Trainee: 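Below are the structure tokens for one structure; questions will follow.
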Amino acid sequence: MAADTTKPFYVTTPIYYVNDKPHIGHAYSTVAADVLARYARLRGRPTRFLTGTDEHGQKIEERAKELGEDPAEFVDRMSPPFKEAFEQLNCSFDDYIRTTEARHESEVQELWQMLEASGDIYLGEYEGWYSVADEAFITETEYEELDEVTKKKVKRVAEPSYFFKLSAYGEKLLEFYEAHPDFVQPAGRFNEVKAFVKGGLRDLSISRTSFTWGVPVPGDEKHVMYVWLDALTNYISALGGPADPGASPLYDKFWGEGAEQVHIVGKDILRFHAVYWPAFLLSAGITPPTRVWAHGWLTINGEKMSKRLGNFIPPKPLVDAFGVDVVRYYLMREVGFGQDGDFAHKHVLARYNGELANGLGNLLNRMVTSIVRKQLDGKVPEPGEPTEDEKQLLLTAQRAATEAAKHMDDVQPHRALEKIWELVGATNRYVDQTAPWALAKNGETEKLGRVAYTVLEALRWVSVMIAPFMPDKAKGLREQLGLDDLAVTEGTDHWPEAWGELPVGTQTQPGDPLFPRLHPKEQAKLFAGFGLGPDGEKLPAEGDAPAEAKTKTKKAKKSKKAEPLPEGCIAFDQFLAVELRVGLVRSAEPVEGSDKLLKLAIDLGEEKPRQVVAGIRKHYAPDDLVDKRVVVVANLAPRKIFGLESQGMVLAASTDDAFSVLTVEAEIPPGTRAS
Ligand code: ME8
């Protein structure tokens with residue numbers, strides 16, 4: 001279906017703290033926003049994409065001091081690497097805002113005055129806990145729930161402070177949420193936000209006096225603004241707002257009526273975006289954004305990657321080793337948007353080999369480089385009359401385009417890619433079935449032309465649909481098809497709709513493989529560049545002896561012996577090795593011929609539900625299980641049970657007279673890791 005090419009689209013990323021260097025977590029949010037921006041442009045929509053850096057606050061001031069630098073010089077040095085990283089990732093941002101820019105600071109002060117004019121700001125005293133790492137005020141209850149290490153990092157603060165009357169916005173926010181059921185996505189996260197607001201809101205401290213690195217409060221310059229009020233305003237200050245209506249055409253266009261705004265954020269900062277930000281805007285009489293999309297974590301061995309933990313992976317070496325589009329593809333394909341996902345170099349390579357080299361690359365090679373070049377003079381042949389096979393492929397292409405578009409509209413890029421690759425797979429199978437090389441050998445020219453045209457046209461569709469994800473590869477693919485790069489213009493929807501637009505007679509341009517296959521030696525070299533073994537496995541750290549020798553060494557050096565685990569205990573790593581995930585039971589049916597087994601289809605947030613065979617038929621009628629959220633061991637090797645593959649295990653507990661599968665009470669999204 002053609003998109004509404006007139007509706008302006010504004011997409012933003014969080015603005016990143018510049019206390020350290022960029023890592024692939026930042027890359028993830030920014031690439032996701034870029035994919036949405038490129039998609040909107042491809043659909044002909046007026047589009048604006050903003051990213052940037054968050055440069056004020058105590059965290060930055062402290063870091064600069066630690067390094068003996070002046071904060072202004074420090075942020076000037078730390079912000080450009082973020083911009084460069086996003087450029088290396090081919091992110092097409094239209095604007096890059098820094099909160100230390102004058103154009104931003106003046107708008108933040110303007111917003112402050114608007115809140116003040118609404119009577120929502122008063123002067124008081126803040127006494128309580130403050131987490132500098134999160135730049136967040138912590139309640140006593142939250143403080144009590146922290147672990148001992150984090151507690152030590154949280155500061156006790158007592159200082160004069162301006163407050164925002166957030167407590168007056170509980171009902172208004174709930175009404176706003178009710179009227180905008182898609183405001184926060186995924187839906188499960190929206191429920192958490194609503195529950196938080198229903199639990200009662202306290203007024204929010206919005207200024208600090210114990211340090212100076214921030215935007216001065218208008219009229220009371222002893223105070224600097226709370227960094228989150230400052231930071232959130234970037235989304236409108238970058239448009240020139242909240243100026244008087246008409247003063248900034250950009251602001252009117254992208255924050256005005258009829259425009260759509262999507263804030264892509266990590267789930268860590270959802271509360272700021274879904275509670276504080278709309279409350280500030282409602283107070284100022286400004287319409288809140290259309291959507292806040294909270295994505296999950298990229299983890300390393302199950303742990304959150306963060307500057308603080310120091311386990312972060314910078315994007316550049318990955319881009320250098322795999323190529324920018326492969327990294328973009330991996331980031332968007334590997335992890336269900338909204339879910340957490342573990343990053344591993346070997347997973348990047350697995351996607352590369354399986355889907356890019358063997359899937360799309362192979363399809364292009366065998367058709368353009370081989371059949372069309374050798375048998376058809378390199379030219380796009382006449383399509384001829386389609387038979388049932390071609391009609392089937394056309395239907396697959398149409399389904400892929402329709403469903404991929406729907407998933408893009410729902411901000412589910414991984415699902416869109418899944419659909420596009422269904423077309424790639426179906427086209428590869430069509431080539432296998434129609435065996436064009438045999439048609440050529442047998443002189444079946446007309447049939448050969450029909451097959452070649454169909455595949456080339458399918459590739460053309462793919463070249464359009466992958467453009468938001470892999471812009472360079474899309475261009476390369478089109479070049480080989482003999483087509484120009486897509487000329488993206490406002491008002492023109494390029495999403496594929498009509499079959500057969502590839503002009504007959506086009507001279508294809510076979511070139512180097514789009515995704516060259518990597519030989520084992522090349523793979524080993526690539527992994528070695530990351531200090532990994534030939535299959536991407538982690539190598540023992542320097543000084544580590546092999547496992548057996550290690551035991552002996554340890555025996556020898558009693559003084560250095562590691563604490564043995566108490567009997568019956570496992571190490572934390574061993575626990576982490578078991579992937580427990582929330583699974584939503586989509587369907588359940590008895591296994592024929594067995595009175596014990598049920599066959600379940602369990603949604604783990606992946607492309608397809610998992611088939612799990614469970615011995616629970618005596619305890620549950622199939623219908624009772626449907627829609628239950630259960631806990632699944634997701635990385636158990638598949639096993640055959642009663643001739644059926646079981647792709648996981650459902651946890652259950654039983655006694656002699658009671659039995660229960662373990663269920664999850666809240667609407668936690670399927671696939672979420674339990675720990
Ligand atoms: O919170 N996986 O900045 P920040 C996925 N300045 N995404 C990750 C990630 C990971 N491991 N680590 C970080 C701030 N991110 C504020 C934002 S906005 C008005 C102010 C991404 O540098 C994710 O989007 O700590 C997360 O929300 C953001 O980086 C936090 O970046």
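Quick caveat, the model's predicted, so the values are computed rather than measured. We count residues from 1, following the sequence as given. Whatever order the structure lists them in is the order used to number ligands and atoms, beginning at 1.
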Trainee: Does ligand 1 have an atom that lies less than 4.0 angstrom from a heavy atom of Tyr235?
Mentor: yes
Trainee: Is Asp54 in polar range of ligand 1, meaning some N or O pair under 3.5 Å apart?
Mentor: yes
Trainee: On the 0 to 90° scale, with breaks at 30° and 60°, tag the Tyr16-Phe86 ring pair as parallel, tilted or perpendicular.
Mentor: tilted
Trainee: How long is the gap from OH on Tyr330 to NE2 on His345, to the nearest 0.5 Å?
Mentor: 9.0 Å
Trainee: Below 3.5 angstrom, do we get any N/O pair linking Gly266 and ligand 1?
Mentor: yes
Trainee: For ligand 1, does Ser29 get within less than 4.0 Å through its side chain, its backbone, both, or neither, judged by non-hydrogen atoms?
Mentor: side chain
Trainee: Near Ala231, which atoms of ligand 1 are under 4.0 Å from a heavy atom of that residue?
Mentor: 19 (C)
Trainee: Going by the order shown, which atoms of ligand 1 are within less than 4.0 Å of some heavy atom of His26?
Mentor: 22 (O), 29 (O)
Trainee: If the plane angle is over 60° it's perpendicular, under 30° parallel, otherwise tilted; pick one for His263 and His273.
Mentor: perpendicular
Trainee: Partners of Phe164 by ring-ring contact (aromatic ring centres under 6.0 Å, His included), sequence neighbours excluded?
Mentor: Tyr169, Phe280
Trainee: Describe, in one word, how the ring planes of Phe183 and Phe176 are oriented to each other, choosing from parallel (under 30°), tilted (30 to 60°) and perpendicular (over 60°).
Mentor: perpendicular
Trainee: Rounded to the nearest 0.5 Å, how far apart are CD of Glu142 and CD1 of Ile138?
Mentor: 5.5 Å
Trainee: What do you reckon, does Phe272 put a non-hydrogen atom under 4.0 Å from ligand 1?
Mentor: no
Trainee: Any nitrogen or oxygen of Ile269, side chain or backbone, less than 3.5 Å from one on ligand 1?
Mentor: no
Trainee: For Gly296, take its heavy atoms, then give the atoms of ligand 1 lying under 4.0 Å from any of them.
Mentor: 5 (C)
Trainee: What pairs with Pro471 under side-chain contact (heavy atoms from CB on, under 4.5 Å), at least two apart in sequence or on another chain?
Mentor: Arg38, Asn90, Asp325, Arg328
Trainee: With a distance cut-off below 6.0 Å to the six-membered ring centre and an angular limit of 45° from the axis, does Arg41 pair with Phe49 as a cation-pi contact?
Mentor: no
Trainee: Where on Asp268 is there a heavy atom closer than 4.0 Å to ligand 1, on the side chain, on the backbone, on both, or on neither?
Mentor: side chain
Trainee: If we set the cut-off at 4.0 Å for heavy atoms, which region of His273 has an atom near ligand 1: side chain, backbone, both, or neither?
Mentor: side chain
Trainee: So, is Tyr17 polar-close to ligand 1, with some N/O to N/O distance under 3.5 Å?
Mentor: yes
Trainee: Of Arg48, Lys253, Arg291, which is the lone residue that meets salt bridge (charged side-chain N to carboxylate O under 4.0 Å, His left out) with Glu260?
Mentor: Arg291
Trainee: Does the structure place the NZ or CZ of Lys151 under 6.0 Å from the centre of the six-membered ring of Tyr143, at an angle of no more than 45° from the ring's axis?
Mentor: yes
Trainee: Pairs of nitrogen or oxygen atoms closer than 3.5 Å, one from Leu232 and one from ligand 1: do any exist?
Mentor: no
Trainee: So is Glu135 close enough to ligand 1, meaning a heavy atom under 4.0 angstrom away?
Mentor: no
Trainee: Could you check whether any heavy atom of His23 sits closer than 4.0 Å to an atom of ligand 1, since that is the contact criterion I want to use?
Mentor: yes
